[in-house]
Amino acid sequence: MLEFYDRHARDLPWRGPSATPWGVLVSEVMLQQTPVNRVLPVWTQWLDRWPRPADLAAESAGEAIRAWGRLGYPRRALRLHGAATAITAVHGGAVPATVEELLQLPGIGEYTARAVAAFAFGARVPVVDTNVRRVLSRVVRGVDEPRASATAADRLEMSAYLPEDPATAARFSVAVMELGALRCTAVRPDCERCPLLGRCRWQRAGSVAGVAKRPVQTWHGTDRQVRGRILAQLRAASGPVTELDLLAAGPPDQSRRCLSSLLADGLVESDQPGWYRLPGAPARP
DNA sequence: CACCCGTGGAT
DNA sequence: TATCCAAGGGT
């Protein structure tokens with residue numbers, strides 16, 4: 001795995017010695033459910049504008065949401081701003097190094113806490129994401145049916161494979177993730193060029209494709225779509241937007257419901273009755 | 001555990 | 001065109 005990583009890993013800016021813990025943390029949050037190629041330009045601009053947590057904490061949350069662009073799941077931007085604020089207030093501006101402390105930050109869960117601890121600080125902790133789950137399922141269990149979400153059992157299983165040296169263990173973890181991203185992919189895996197081909201239980205079992213996953217929520221007409229339209233309007237506007245404009249995002253009842261939920265989530269604020277803006281944005285002249 | 005939360009490219 | 005999928009987290 002280490003040789004595979006040395007020879008085939010992608011050259012990503014948040015990897016390597018020049019990346020700061022803050023840069024690693026930002027990358028991990030952006031990469032939650034979002035492809036690498038879409039994250040790359042936003043990550044670069046983000047770190048250029050806010051090179052330290054305190055730089056982001058000094059801005060309004062609305063600026064973070066606007067800079068988030070079209071990465072999706074904009075609550076991540078709000079939470080990343082919250083994490084920067086907590087890092088500044090509680091940790092003196094330095095990203096904490098332990099899983100326990102990282103888990104206290106908003107938007108940092110079981111996966112991201114370990115990813116930051118391992119990749120930014122060289123901690124010897126198991127890092128289990130969707131790629132690792134898929135590799136474990138196929139190579140170790142011999143079936144194409146990864147568990148729906150990472151469990152403590154998955155982390156315990158990965159712990160058994162971690163090299164003793166912490167820095168090497170971290171490199172092993174990112175190597176498994178890279179294998180899942182480049183070879184052991186969900187669709188059309190490239191088994192012919194997989195370094196684990198000779199020891200893969202799934203391969204020996206005939207590479208039987210897993211059963212269809214549970215149906216995903218339909219997209220057209222959902223609240224997520226309408227919320228996305230409302231937020232897109234607010235991102236594009238330099239100042240407040242009228243309720244009338246925002247409610248054009250969908251059917252009246254649904255639009256009102258979505259606007260309310262966005263307010264409840266803290267992604268939108270009401271400037272004055274009938275006017276809305278991203279949180280903390282400059283008031284309407 | 002079930003459900004919700006965006007976006008856009010690939011097939 | 002419809003479906004799947006991409007380094008999950010919070011409630």
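Chain identifiers are assigned alphabetically (A, B, ...) following the order of the sequence lines, protein sequences preceding nucleic acid strands; residue numbering begins at 1 within each chain.
Listed candidates were C:dC5, B:dT7, C:dA7. Nearest to the side chain of A:Ala186 is C:dC5. Residue A:Pro74 places its side chain closer to B:dG6 than to any other of B:dG6, B:dT7, C:dA7. Listed candidates were B:dC4, B:dG8, C:dG10. Nearest to the side chain of A:Arg79 is C:dG10. Closest contact between the side chain of A:Asp223 and the listed nucleotides C:dG9, C:dA7, B:dC5 involves B:dC5. Checked against C:dA7, B:dG6, C:dC5, the side chain of A:Val187 finds its nearest nucleotide in C:dC5.
Atom P of nucleotide C:dT11 and atom CZ of A:Arg76 are separated by 16 Å, given to the nearest angstrom. One atom, CG of A:Leu262, and another, P of B:dC5, lie 10 Å apart when rounded to the nearest Å. In this entry the distance linking CZ of A:Arg155 with P of C:dG8 reads 14 Å, nearest Å. Computed from coordinates, the A:His220 NE2 to B:dG8 P distance equals 13 Å when rounded to whole Å. Separating the CG atom of A:Asp265 from the P atom of B:dC5 is a distance of 9 Å, rounded to the nearest angstrom. What separates CG of A:Leu78 from P of B:dC5 is a distance of 16 Å, to the nearest Å. Across the protein-nucleic acid pair, A:Gln225 atom CD and B:dC4 atom P stand 16 Å apart, rounded to whole Å. Taking atom CZ of residue A:Arg133 and atom P of nucleotide C:dG8, one finds them 7 Å apart after rounding to whole Å.
Applying the salt bridge (Lys or Arg N to Asp or Glu O under 4.0 Å) rule to A:Glu243 yields no partners; only residues at least two apart in sequence or on another chain are considered. Checked against side-chain hydrogen bond (donor to acceptor under 3.5 Å, both in side chains), A:Thr242 has the following partners two or more places apart in sequence or in another chain: A:Asp245.
A:Arg277 places no side-chain N or O within 3.5 Å of a backbone atom of A:Gly239 that could act as its donor or acceptor partner. Not a single donor-acceptor pair under 3.5 Å links the side chain of A:Ser173 to the backbone N or O of A:Pro126. In this structure a side-chain-to-backbone donor-acceptor pair under 3.5 Å is missing from A:Asp265 to A:Leu267.
A:Arg134 and A:Asp144 are not joined by a salt bridge, as no carboxylate oxygen comes within less than 4.0 angstrom of a charged side-chain nitrogen. Between A:Glu145 and A:Arg133 there is no salt bridge, since no side-chain nitrogen of the basic residue lies less than 4.0 Å from a carboxylate oxygen of the acidic one. Using a cut-off of 4.0 Å between Lys/Arg side-chain N and Asp/Glu carboxylate O, A:Glu59 and A:Arg49 are scored as salt-bridged. Between A:Arg124 and A:Asp165, none of the side-chain N atoms (NZ, or NE/NH1/NH2) sits under 4.0 Å from a carboxylate O, so this pair counts as no salt bridge.
No contact: A:Ser149 has no heavy atom under 4.0 Å from any strand. Nucleic acid contact class of A:Arg114 (heavy atoms, under 4.0 Å, all strands): none. Residue A:Leu80 is classed as having no contact, given no heavy-atom separation below 4.0 Å to the nucleic acid. Across all strands, A:Arg15 comes closer than 4.0 Å to base atoms (heavy-atom distances). Using a 4.0 Å heavy-atom distance criterion, A:Arg235 is classed as a sugar-phosphate-only contact. Residue contacts for A:Leu71: at a heavy-atom cut-off of 4.0 Å it reaches a base atom on one of the strands shown. Among the heavy atoms of the strands lying under 4.0 Å from A:Trp14 is at least one base atom, whether or not backbone atoms are also near.
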Exercise for the section: Show your reasoning for whether side chain to side chain donor-acceptor pair (under 3.5 Å) applies to A:Arg224 and A:Tyr73. Expected result: CA-CA 9 Å; A:Arg224 297 162 79 178; A:Tyr73 291 141; 2.8 Å; yes
Handout entry: Working for salt bridge (Lys or Arg N to Asp or Glu O under 4.0 Å), residues A:Arg15 and A:Glu178
Key = CA-CA 12 Å; A:Arg15 294 174 175 170; A:Glu178 197 73 342; 2.8 Å; yes
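Hydrophobic cluster membership is shared by A:Tyr161 and A:Val128, with clusters built from Ile, Leu, Val, Met, Phe, Trp and Tyr side chains linked at under 4.5 angstrom.
Using a 30° and 60° split on the angle between ring planes, A:Trp46 and A:Trp50 fall in the perpendicular class, above 60°.
Nucleotides B:dG6 and C:dA6 are separated by 12 Å at their C1' atoms, to the nearest Å. The same atom, C1', is picked in B:dT11 and in C:dA7; the two are 23 Å apart, to the nearest Å. A gap of 16 Å separates the C1' atoms of C:dG8 and B:dC1, to the nearest Å.
Distances shorter than 4.0 Å separate none of the side-chain N or O atoms of A:Arg75 from OP1 or OP2 on C:dG10. Residue A:Thr112 places at least one side-chain N or O under 4.0 Å from the OP1 or OP2 atom of C:dG9.
For the atom pair CD (A:Glu192) and CD (A:Gln203), the distance works out to 7.0 Å, reported to the nearest 0.5 Å.
Using modelled atom types, one finds a donor on one side chain and an acceptor on the other under 3.5 Å when comparing A:Thr98 with A:Glu101.
Contacts between residues 121-130 of chain A and DNA chain C, defined by a heavy-atom separation under 4.0 Å, are made by A:Asp129, A:Thr130. Residues of residues 43-54 of chain A having a heavy atom closer than 4.0 Å to DNA chain C: none are found. Near DNA chain C, meaning a heavy atom under 4.0 Å from it, residues 29-40 of chain A has A:Leu31, A:Gln32, A:Gln33, A:Pro35 in order of number. Proximity of residues 98-110 of chain A to DNA chain C (heavy atom under 4.0 angstrom from any strand atom) is restricted to A:Pro106, A:Gly107, A:Ile108, A:Gly109, A:Glu110.
Place A:Arg188 and A:Gly69 on DNA chain B by their nearest nucleotides, and A:Gly69 ends up nearer the 5' end.
Nearest heavy atoms, A:Gly280 versus A:Glu269: N-OE1, 3.3 Å.
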